[in-house]
Amino acid sequence: MPYTTNDIKRVEEKWQAYWSEHKIFKAEMDLKKQKYYVLEMFPYPSGKIHMGHVRNYTIADVIARYKMMRGYNVMHPMGYDAFGQPAENAAIKRNTSPSEWTYKCIDDMRAGLRKMGFSYDWDRELATCDDSYYKWNQWIFLKMAEKGLAYKKGSPVNWCPSCATTLANEEVIDGACWRCKELVIQKDLEQWYLKITHYSESLLEDLKKLNNWPSRVVAMQENWIGKSFGADIFFKVKGTEDVITVFTTRPDTIFGATYVTLAPEHPWVKKLAKGTSQEAAVAAFIEKSANISKSLRMSGALLGNAERKEGVFTGGYAINPVNGETIPVWTGDYVLMEYGTGAIMAVPTHDQRDFEFARAHHLPMRVVIQDPKNPDLAPEQMTKAYEDAGALVNSKHFNGTLNEEAKKKISVWMQESKMGRVSVHWRLRDWLISRQRYWGAPIPMIYCKACGIVPVPYDQLPVKLPKNAPITGEGGSPLAKVKEFVDVKCPKCAADARRETDTMATFFDSSWYFLRYCSAHNDREIFDVKEAAYWMPVDQYIGGIEHAILHLLYSRFFTKFLKDLGLVGVAEPFDRLLTQGMVLKDGEVMSKSKGNVVDPDEVISKFGADTLRMFILFAAPPEDQLEWNPAGLEGNWRFLNRVWNTVEARYVKGATLAVAMDAQDKKLELERNAAVKKVTESMEGGFKFNTAISAIMVLMNAVDKYQGPAVKPALLNKAIETAVLLLAPFVPHVAEEMWQAMGKADKTIAFVPWPSYSEEALKTETVRIAAQVNGKVRAEFEVPRDADEAVLRSIVLADEGVQRHTAGKDIKKFIVIKNKLVSIVV
RNA sequence: GCUGGAGUGGCGGAAUGGUAUACGCGUCGGUCUCAAAAACCGAUGUUCGCAAGGGCGUGUGGGUUCGAGUCCCACCUCCAGCACCA
C-alpha cells in the first residue's frame, strides 16, 4: 500500500500531537547526564515561516534528535526576536498596533514550526517583546551603566533618513541602511553607547578558541575588530610647543614623511589656518567635506581615485621629530577622523594613497626603502608607491636595516627619546544602541534638572512600553509624545523629571537570549545561575552567515560582560557554529519581490514535512547553497515510499534469529554495518547529512536485493529496523509510525539508542583489489583478505591482462597496499 | 587592494595520497498495461574500435610520488566579507 497524502497528514498530525501532549522534548537539568544545547538563531516574526527557516531549523532538529538517540540530555528551545521596525510599519499599513501584529505573527510562526515536527521544548518559548523578557534587557543596561560600559555621548552618528533613526556602524552596509538601503547621512546627536571596545582584546584573542567555527566567520570578526600595531608619533606644530599626534603602522618610513594630513574635522585644521592666506580656502574645504557624507567618502566610489583625493594646505607647518625637517600640514578628505588620531604622516613613496594625493597636489616625495629588485627607485620615475619590503635608505643610522626590523627598532628608539610611542589602534568602535523608535525596550534612564541622568531603580523595572504611543513613521521617538510615559518623578530628589524616550536597538535583545532559555520563566532574576552553569555554552549554534559579525560579536560581548558579573562561567557562548547556506530558486535567493518563493505549507500538504526535511538535507551539504529542485523532492518522496512499503510488505513480526548465514546473508549484514558506520561518521564528522542519507539509501538498495527462498526473516528485520533507526532524526514522523508498525514496545523512537556497528562484521573473507602497472589500473582481482605479497604476486603476475603490460619488461617494484591494490613498476 | 572559500558527468553532489564520478535527479531502453501514469529491471564521463581492448579525463601550467581531485609552487575564473582604517 503506498504512503498516500492522507497517510502523511494522519501520521504527521498523530505524532506531532503525541510529542506535544506528552512533552517528549522537555529538557530538565540533570547533573548526572551529559548535556547538549542545540540552538538555532531565533526568527523575527514577520509572518509565516519561509524556506530559509525550514532549512535552518531542520538542520538543528536533526542534530538535536541525533544527540538524543546518542543519550545526551538535549535542550532545544525556540523563541521570537520580536521587537523591531517592521512591526511599526505593518501597524501603520494595517491600522493595527505593533503588539497585536507581532503576536499574530508569532502564532502563525509557531503553527508553521509545529507542522515541521521540530523537537522543541515549548515550555521554554520566549518573545523578546514580553516585558518579562525586556525587563532583563533593562537590568543588563543598568548593570553596564554602573560599570561605566553604558554611557551617553554627543557625536556625529549614522542616520537613516528613511527609517528616521540612528544606526550602529555595523548596520551601515556600503554607506546605506542595512534594512531599507537608503543612503546613510551623518547627524550630531546625543546617544547611548555600549562600550564594546572595553572587550576588544578578549573579543579578538578568544577567537582563537573557536576552532569549531567556520574560518570565514572568524576572519570576518578579526577584520571587524581590526587590531593594528604601529606607533603614535608626535609632530610639533611649528612655532609652538603644541603637538599633533599621528598614528602609523609604518614607523619604518618616518624619514620619508614629507607632509602631514589631517582629517577635515580635525581641531587643528582651523587653528593652523587662522590668520594665514589659506584661511578662506580651508573653511571652504571643511564645509565641502561636511556636505559629502561620510558614507560617500568611505564608499568605493572614491577608492583609489587620485582625482578624488581632495585637500588643501592648512597654512601651517609641523616638525618631523626624527630629522627636524619642517613639513607642510594639509587637510584631506581621505583621512578619517574616526580612526587612529585623525591625523597621518604622509609618505608618498611608500603608501599608495599618499602617493596619489602627493601627485595630485604636487607635494614632495623621498624614497626611504629600496626595492631590492629595482635598487634605483627614484620619486620622479615612480608610477605608484613601493609598499613591499626592502632596506632603509635616507634614514640616518637606520640605513641598511631591513624595514620589518626597522619598524620595531624605530618605534623603540622614538619611544625612548619621547618622539613617539608604540601603540595599537582598533577598528572596532563603541556600539550605538539608541533608536528613535517605538517597538523596542525602553532605555531605563531619567533626566532630572537637578540630578542629571539618573538610572531607574532596579525595583522599578520593567519600564513598560506604553500601549498607546502614536506611530506615524515620520521620525522622532514616538514615546516622547506619550505624556504619562515621559513625566516621572526623579528617583533621587523626587522633582519633576523626564524619561528617556529612545528604545534599545533590537540586537540588544538577541545578545543574551540563549542565556534566558536556561530558565526562561524565572521572574526573580535574569536567569538561574546553576541552570546556566549546566547548559552553557551552546554546544551547537546554527544560523545564517548574515549574522557573522553583528549578532555573534554582540553575543560574545554580552557573555564576557555577564561572566565578569559572575553570572556565567564561560567566556564564549557558542562552542560550535554552523552557518547554513541559502535556499535558491533558479539561481536566485527566494524573495517575495522576485516572486520565486516556494511556500513550505504547500510542499507539506502535498509531500509531508518528512519529505521536505529529507530533500533539504539531501540536496546539498548544510553549509552550501541549496537550489530548489521539485524533481529532487519527488525522488526523496519515492524513497520514503520504498521504505514504507518494505516495512509493510516484508517485515515479519516476531521472526527469530537464524543459525547459519549464507553468502547473501553475510552481504546484507555487511551492508547494514557499513551503513551504520557511514551514517555515524557523517554525523560526527561535521553533520554531513547528504552523505548520511545516501548511506541509508545504499542500505535500502541492499535490502531490496536481499530476495529469494533463502531469505532469513530475522536478518531482514534487523536490516529494516536499522534503516528506520538511522532515518529517525531526519524523518521523525514516518520513522515513529514505522517503528510502531513493526510492533516495537517503545512509546517513541526519539530515545531508542542509536544503532552500533562492528568492525568485525565489515571484514569479508575476500577483498576486491586493483592492479596498477606504471600507475594505470589494468586489472581487478578477488583475493583472500590480508593476502601477503607472495600470494598476490602469484595471482597478479599470472593474469593475462597484467601480462599484456609487463611482458618482456623487468619488474622493478611490486608495491602492496593491503586489501586495496598492488602497484607494479616496470 | 586585503581576508576567507570554491572550481569534479547533462544537473545536485561523493571520494583517510590508493579502482574518480558513491547516492540522487535527468535521459535512454525494457517489464507490466488496450494505453498512459505509477512501480520495477537495466544502461548512462568522453573518444577510437565489430569486438577484445586502448587513448583522454576533477579550472590552467609545473613539481613531489610507484600512485595526485587530494600535497607543494605559479597562475586563471567565480562567490562572499571588508575596504582611502594610515
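Proteins come first, then strands; the chains are lettered A, B, ... in the order of their sequence lines, and each starts at number 1.
Here B:rG57 sits opposite no nucleotide as a Watson-Crick or G-U wobble pair (both hydrogen-bonding atom distances under 3.5 Å). The partner of B:rG42, taking Watson-Crick or G-U wobble pairs whose two distances both stay under 3.5 Å, is B:rC28. Base pairing annotation: B:rG12 forms a Watson-Crick or G-U wobble pair with B:rC23, both donor-acceptor distances under 3.5 Å. The partner of B:rU77 is B:rA6, judged by Watson-Crick or G-U wobble contacts that both fall below 3.5 Å. In this entry B:rC34 has no Watson-Crick or G-U wobble partner, no candidate having both defining distances under 3.5 Å. Pairing for B:rC82 goes to B:rG1, judged as Watson-Crick or G-U wobble with the two contacts each under 3.5 Å.
Protein atom CG of A:D624 is 12 Å distant from nucleotide atom C1' of B:rC79, rounded to whole Å. Here B:rC40 presents its P atom at 12 Å from CZ of A:F639, a figure rounded to the nearest Å. The distance from atom CG of A:L336 to atom P of B:rA86 is 10 Å, rounded to the nearest whole Å. Rounded to whole Å, the distance from NZ on A:K407 to C1' on B:rA86 is 12 Å. Per the geometry, CZ belonging to A:R638 stands 15 Å off P belonging to B:rC23, to the nearest Å. To the nearest angstrom, P of B:rG24 lies 12 Å from CE of A:M700. Residue A:K818 contributes atom NZ, which lies 20 Å from atom P of B:rG17 at whole-angstrom precision. A:I616 places its CD1 atom 16 Å from the C1' atom of B:rG24, with the value rounded to the nearest Å.
In terms of heavy atoms, A:E387 sits closest to A:Q352 at OE2-N, 2.8 Å. Nearest heavy atom pair, residue A:T341 against residue A:V246, reads OG1-CA, 3.5 Å.
Taking every side-chain heavy atom of A:D351 into account, B:rA86 is the closest of B:rA15, B:rU19, B:rA86. The side chain of A:S215 approaches B:rG4 more closely than any other nucleotide in the set B:rG4, B:rC84, B:rC40. In this structure, the nucleotide among B:rG81, B:rA86, B:rC84 sitting nearest to the side chain of A:V335 is B:rA86. Candidate nucleotides B:rG12, B:rU19, B:rG81 were compared by shortest atom distance to the side chain of A:A619, and B:rG12 ranks first. Looking at the side chain of A:K813, the nearest of the listed nucleotides B:rA83, B:rC66, B:rA86 is B:rC66. The side chain of A:S228 lies closest to B:rA86, out of B:rA86, B:rA80, B:rC66. For A:N701, whose side chain is taken as the heavy atoms from C-beta onward, the closest listed nucleotide among B:rA86, B:rA80, B:rC23 is B:rC23. In this structure, the nucleotide among B:rG55, B:rC82, B:rG5 sitting nearest to the side chain of A:R778 is B:rG55. When distances run from any side-chain atom of A:I817 to the nucleotides B:rA22, B:rG18, B:rC84, the shortest one goes to B:rG18. Taking the side chain of A:A631 as heavy atoms from C-beta on, and the options B:rA86, B:rG26, B:rA15, the nearest nucleotide is B:rG26.
By the 30° and 60° cut-offs, the orientation of the rings of A:F357 relative to A:H361 is tilted.
Taking the nucleotide of RNA chain B with the nearest heavy atom to each of A:I344 and A:L821, the more 5' of the two is matched to A:L821. Mapped onto RNA chain B by nearest heavy atom, A:V698 and A:M345 fall at different nucleotides, with A:V698 at the one closer to the 5' end.
Taking the C1' atoms as reference points, B:rG54 lies 32 Å from B:rU16, given to the whole Å.
Residue-level contact check: A:P621 touches the backbone only, with heavy atoms under 4.0 Å from sugar-phosphate atoms and none from bases. Residue contacts shown for A:N690 are limited to sugar-phosphate atoms, with no base heavy atom under 4.0 Å away. Looking at heavy-atom distances under 4.0 Å, A:K820 makes contact with a base. Base engagement by A:Q772 is indicated by at least one non-hydrogen atom pair under 4.0 Å involving a base atom. If you check every strand for non-hydrogen atoms under 4.0 Å, A:S823 touches a base. Note on A:R804: only backbone sugar-phosphate atoms sit closer than 4.0 angstrom, heavy atoms only; bases stay farther off. Counting non-hydrogen atoms under 4.0 angstrom, A:G226 reaches nothing in the nucleic acid. The residue A:H805 sits close only to the backbone: its heavy atoms come under 4.0 Å of sugar-phosphate atoms, none of a base. Residue-level contact check: A:T261 touches neither bases nor backbone, having no heavy atom under 4.0 Å from any strand. Within the 4.0 angstrom heavy-atom criterion, no nucleotide atom of any strand lies near A:D704.
Counted within 6.0 Å of NZ on A:K227, heavy atoms from surrounding residues, nucleotides or ligands total more than 12; the atom is thus considered enclosed.
Between A:K288 and A:E310 a salt bridge is recorded (basic side-chain N to carboxylate O distance below 4.0 Å). Under the 4.0 Å criterion applied to side-chain N and carboxylate O atoms, A:E404 and A:K407 are assigned as salt-bridge partners. Look at A:E759 and A:K677 and you find a salt bridge, because one of the NZ, NE, NH1 or NH2 atoms lies within 4.0 Å of a carboxylate O, short of that distance.
Interatomic distance, A:T249 OG1 to A:F229 CZ, rounded to the nearest 0.5 Å: 11.5 Å.
Ring-centre distance between A:W637 and A:F615: not below the 6.0 Å cut-off.
When the side-chain nitrogen and oxygen atoms of A:K776 are compared with OP1 and OP2 of B:rC56, one or more of them lie within a distance under 4.0 Å. Between A:N629 and B:rG13 there is no side-chain N or O to OP1 or OP2 distance below 4.0 Å.
Scanning atom types as modelled, no donor and acceptor separated by under 3.5 angstrom connect the side chain of A:Q352 and the base of B:rG1.
Glycosidic conformation at B:rG9 (O4'-C1'-N9-C4 for purines, O4'-C1'-N1-C2 for pyrimidines): syn, within 90° of 0.
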